[in-house]
Asks: 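Could you have a look at this structure, given as structure tokens, before my questions?
Quick caveat: nothing in here was measured; it's all calculated off a predicted structure.
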Amino acid sequence: MIRRSLPFLVCGVLTWSVASAQPPVSQPPAAPPAASPYRLRPVLRNWTRVEAWSYFEPRPGGGDPDYATIANRLFAGIRQTGPRHELNMGLQYVQFGGLPDDALGPGALGTGAAYYEHNRRTDSRQVYVRTLNLQVRGVLPGLDVRGGRMGYTSGAEAPSGDPAIEAVKRMRLDSRLVGEFEWSIYQRAFDGVRVDWDDRRKLHATLAALWPTQGGFEERAGRSLEDVRVLGATVAARPSPTFPRMELQGFVLGYRDTRPVAARPDNTGRAASAVNVDITTFGASVVGARPVADGRLDWLGWLALQTGDWYDDSHSAVAFALEGGYQWLRWLGHPWVRAGWNHASGDSDGSDGDHDTFFPMLPTGRKYSLSATYAAMNLDDVFAQLVVRPWEDVAVRFDVHHLRLAGSSDLWYGGSGATRREGTIFGYAGRRSGGGRTLGPAVEGSVDWTIAPRWSINGYAGWIRGGDVVRFSFAGDRLVFAYIENVFQF
């Protein structure tokens with residue numbers, strides 16, 4: 001039950017009016033004023049979300065898995081643009097009601113428990129700087145530079161120019177390794193510098209040096225994680241006569257983490273007084289879409305290879321995604337069916353000095369785990385999904401997953417990357433598998449209804465029947481998670 005009501009914020013509506021008068025007939029008409037190349041625009045967005053959890057039932061002495069929470073997030077900012085620059089400034093205010101103080105054990109029993117674990121209060125709240133950055137365009141021909149506090153999403157550095165390819169990227173490529181943790185209430189931003197070069201025809205290159213902020217589940221979301229550094233380079237080739245109806249990307253991402261956080265999420269069983277992770281990820285992706293018969297065929301391939309150091313072990317790991325789909329463009333609702341296999345390697349031996357668990361760094365994990373109960377680490381996820389629009393303003397999505405650990409000697413991981421600069425919470429956590437591999441089947445559905453251009457309602461419900469991995473840690477093997485969200489944008 002919700003233990004405390006949430007004060008809602010009332011957003012004002014800004015209006016402008018312009019009056020003009022006809023000049024006397026004897027006078028020539030006045031020349032219209034020249035349009036200013038500079039524009040100032042307010043930005044206002046408000047989310048209200050209610051979540052309900054019935055997590056896997058713990059064994060006697062564990063936490064309470066059944067609860068509901070409510071939260072509100074308000075973003076208020078301005079965007080000022082000119083011929084060669086763009087300035088973005090914005091504050092964000094978050095407040096919760098009804099976070100559970102008894103939903104811990106074993107581990108956090110759902111996202112409400114994770115918020116409480118980070119902040120130790122049932123009404124967590126905060127005001128912080130969400131964005132503050134300046135972009136200068138045309139520093140050199142085709143070269144743009146942005147600096148300050150900004151968003152960053154791996155895989156989405158450059159638009160392909162093809163709406164069908166972009167639809168696949170938004171749903172199944174963006175944020176696999178670095179993202180803003182958008183669905184979490186506090187979210188994540190990045191402090192740093194980003195440089196983009198575009199030849200205006202085929203190629204786009206991005207270089208970035210970034211420090212993430214706290215956030216995700218942590219209420220002090222305005223603090224920079226100074227001991228976490230990300231360096232990235234991406235080159236994208238748009239569709240061309242050589243590669244028609246395909247976008248190709250190559251990337252390299254360096255991640256260095258030396259936070260004074262006493263946690264070590266792996267299967268070694270060893271403690272750590274501070275993080276010591278230095279990993280480089282090399283990879284490539286291809287996304288394509290082309291007309292076939294009465295519809296459109298799409299495909300996605302993504303590969304990431306990792307090397308480096310994990311605490312006092314050497315690190316090497318791999319992850320890949322192979323996906324395809326078909327959309328019937330002439331059928332009612334344009335049904336779109338997709339299926340695929342996502343693999344993230346695990347570690348077979350925690351005592352051999354080699355760490356082989358794929359580490360997805362700072363992703364937006366819920367894009368690929370709608371139930372928010374597992375991470376893309378030591379995981380095989382075979383899935384099928386259906387997306388349909390029964391009406392123009394309503395989108396329905398239905399997913400089915402078969403979830404197994406890649407290795408039975410490794411952990412069942414959860415989380416979405418670093419959330420705190422110090423303490424005992426890493427941002428990822430793991431539960432023992434007990435020698436099992438099956439997490440279980442997951443069935444999920446969502447509905448997004450755009451009521452008006454600036455007003456939408458989104459809902460989700462998911463169910464998991466836990467396998468032998470879940471039953472090793474829990475007495476019950478059923479999980480249900482649902483939420484409804486109201487969004488206003490001005």
Side-chain angles (χ1 to χ4, degrees), residues 45 47 150-184 187-190 194 196 198 204 206 208 232 234 236-239 245-249 251 253 283-290 295-302 304 319 321-327 329 333-340 342 360 362-370 372 376 381 383-389 392-399 401 416 444-450 453 456 458-460 485 487 489:
R45 296 190 292 267
W47 298 258
M150 67 190 83
Y152 188 86
T153 300
S154 65
E157 290 86 352
S160 67
D162 186 318
I165 292 176
E166 289 303 296
V168 177
K169 287 170 60 180
R170 296 294 83 80
M171 185 167 62
R172 301 300 304 175
L173 182 64
D174 291 2
S175 302
R176 282 183 177 268
L177 296 176
V178 179
E180 299 174 49
F181 210 164
E182 296 96 334
W183 185 81
S184 69
Q187 302 182 307
R188 173 192 293 136
F190 295 90
R194 169 177 172 166
D196 289 88
D198 197 301
H204 185 104
T206 301
T234 302
R238 298 187 181 92
R245 303 186 184 277
M246 289 191 294
E247 182 193 75
L248 306 176
Q249 286 189 15
F251 61 86
L253 289 163
S285 67
V286 56
V287 182
R290 65 170 59 246
R296 183 168 54 228
L297 181 71
D298 68 81
W299 61 94
L300 177 149
W302 177 81
L322 298 171
E323 302 181 9
Y326 187 81
Q327 187 172 19
L329 298 177
H334 297 170
W336 185 12
V337 175
R338 303 193 77 256
N342 286 246
L362 297 163
T364 298
R366 193 182 175 271
K367 289 179 71 75
Y368 306 96
S369 170
L370 297 183
D381 176 6
F383 74 93
Q385 65 183 192
L386 169 66
V387 180
V388 64
R389 286 187 173 273
E392 184 178 353
D393 53 1
V394 176
V396 179
R397 174 174 165 177
F398 181 76
D399 290 38
H401 297 258
S416 206
E444 304 169 312
S446 64
V447 178
D448 300 328
W449 178 21
T450 303
S456 64
N458 313 309
Y460 165 86
E485 183 179 64
V487 183
Q489 303 185 59

Asks: Taking only residues two or more places apart in sequence or in another chain, which ones pass salt bridge (Lys or Arg N to Asp or Glu O under 4.0 Å) with Asp174?
Replies: Arg170

Asks: Can you find a pair of side-chain heavy atoms, one from Val337 and one from Tyr326, that are under 4.5 Å apart?
Replies: no

Asks: Report yes or no: does Thr364 contribute a side-chain atom to a donor-acceptor pair with the main-chain N or O of Glu180 at less than 3.5 Å?
Replies: yes

Asks: Got Arg366 and Phe181 here, is their nearest side-chain heavy-atom distance under 4.5 Å?
Replies: no

Asks: Does any part of the side chain of Trp299, heavy atoms only, come nearer than 4.5 Å to the side chain of Arg290, both counted from C-beta?
Replies: yes

Asks: Taking salt bridge (Lys or Arg N to Asp or Glu O under 4.0 Å) as the definition, give me every residue that meets it alongside Lys169, ordered by chain and number, with sequence neighbours left out.
Replies: Glu166, Glu247

Asks: Return yes if some donor-acceptor pair links the side-chain N/O of His204 with the main-chain N/O of Asp198 below 3.5 Å, else return no.
Replies: no

Asks: Applying the side-chain contact (heavy atoms from CB on, under 4.5 Å) criterion to Val396, which one of Val387, Leu386, Val388 satisfies it?
Replies: Val388

Asks: Can you check whether Trp336 reaches Arg296 side chain to side chain, under 4.5 Å on heavy atoms?
Replies: no

Asks: With no hydrogens and no angle check, is any side-chain donor or acceptor of Arg238 less than 3.5 Å from a backbone partner on Pro159?
Replies: yes

Asks: Quick one: list whatever passes salt bridge (Lys or Arg N to Asp or Glu O under 4.0 Å) with Arg176, sequence neighbours left out.
Replies: Glu323

Asks: Answer yes or no: is there a side-chain heavy-atom contact under 4.5 Å between Arg172 and Tyr368?
Replies: yes

Asks: Test salt bridge (Lys or Arg N to Asp or Glu O under 4.0 Å) on Asp448 and Arg397; report intermediate values, then the result.
Replies: CA-CA 9 Å; Asp448 300 328; Arg397 174 174 165 177; over 6 Å; no

Asks: Determine yes or no for a side-chain-to-main-chain donor-acceptor pair under 3.5 angstrom, with Ser416 supplying the side chain and Pro363 the backbone.
Replies: yes

Asks: Do Asp298 and Gln327 have side-chain heavy atoms sitting under 4.5 Å apart?
Replies: no

Asks: Given 3.5 Å as the limit, does a donor-acceptor pair link the side chain of Tyr152 with the main chain of Val178, or not?
Replies: no

Asks: Taking side chain as C-beta onward, heavy atoms only, is Tyr460 less than 4.5 Å from Asn458?
Replies: no

Asks: Kindly say whether Trp302 contributes a backbone atom to a donor-acceptor pair with the side chain of Ser285 at under 3.5 angstrom?
Replies: no

Asks: Does any non-hydrogen side-chain atom of Arg338 lie less than 4.5 Å from one of Val168?
Replies: yes

